[in-house]
Amino acid sequence: LSPDFPGVMLCGMNGQPDPNAQYYLAINGQPQGPHSAAMVMNLRLQGAIDDNTLICQEGGAAWVTLQEMEPALRAVAPPVRRRRPWTRGR
């Protein structure tokens, strides 16, 4: 296991984040994907998934929580910016 990314090696990574990796999410008990790291982080920001959502890198052998995988995803995903609500007259 990578000390910087706990649980990552269990999910198919070799201790280093891969910017080209694809991920599956367990949503309502069914695997959904594959998704890029950026898409996973966008889903997180939108509230569609949370810390307890299970995630596995494509080709991985085990599922971990998003909370465990999030540091590795942040290392490879481009920054996600929150959009400000649009208001008239600005």
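Values below: every heavy atom of this structure, side chains too, minus hydrogens, waters and symmetry copies.
- In this structure, L73 CG and R44 CZ are separated by 11.0 Å, a value rounded to the nearest 0.5 Å.
- To the nearest 0.5 Å, atoms CG (L66) and CG (L43) are separated by 9.5 Å.
- Residue P31 comes nearest to W63 through the heavy atom pair CB-CH2, 4.1 Å, listed as atom of the first residue, atom of the second, then distance.
- Among T53, L45, I55, the single residue meeting the side chain to side chain contact (heavy atoms under 4.5 Å, CB included) criterion with V40 is I55.
- Contact between V76 and A37 at its shortest, heavy atoms only, is CG2-CB, 3.7 Å.
- Separation of atoms CG (D51) and CE (M69) is listed at 13.5 Å; rounding is to 0.5 Å.
- Across Y24 and E58, no two heavy atoms sit closer than the pair OH-OE2, 3.3 Å.
- The structure places CD1 of I49 at 8.5 Å from CD of E70, a figure rounded to the nearest 0.5 Å.
- Two residues are said to be in side-chain contact when any heavy atoms from C-beta on lie closer than 4.5 Å; T65 and L54 meet this criterion.
- Rounded to the nearest 0.5 Å, atoms CD (Q30) and CG (L25) are 13.0 Å apart.
- Considering every non-hydrogen atom in both Y23 and S36, the closest pair reads CD1-C, 4.2 Å.
- What you find for A62 and C56 is that their closest heavy atoms are O-SG, 3.0 Å.
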Where do Q57 and Q22 land on the side chain to side chain contact (heavy atoms under 4.5 Å, CB included) test, with the steps shown first? CA-CA 6 Å; Q57 184 175 330; Q22 296 288 301; over 6 Å; no
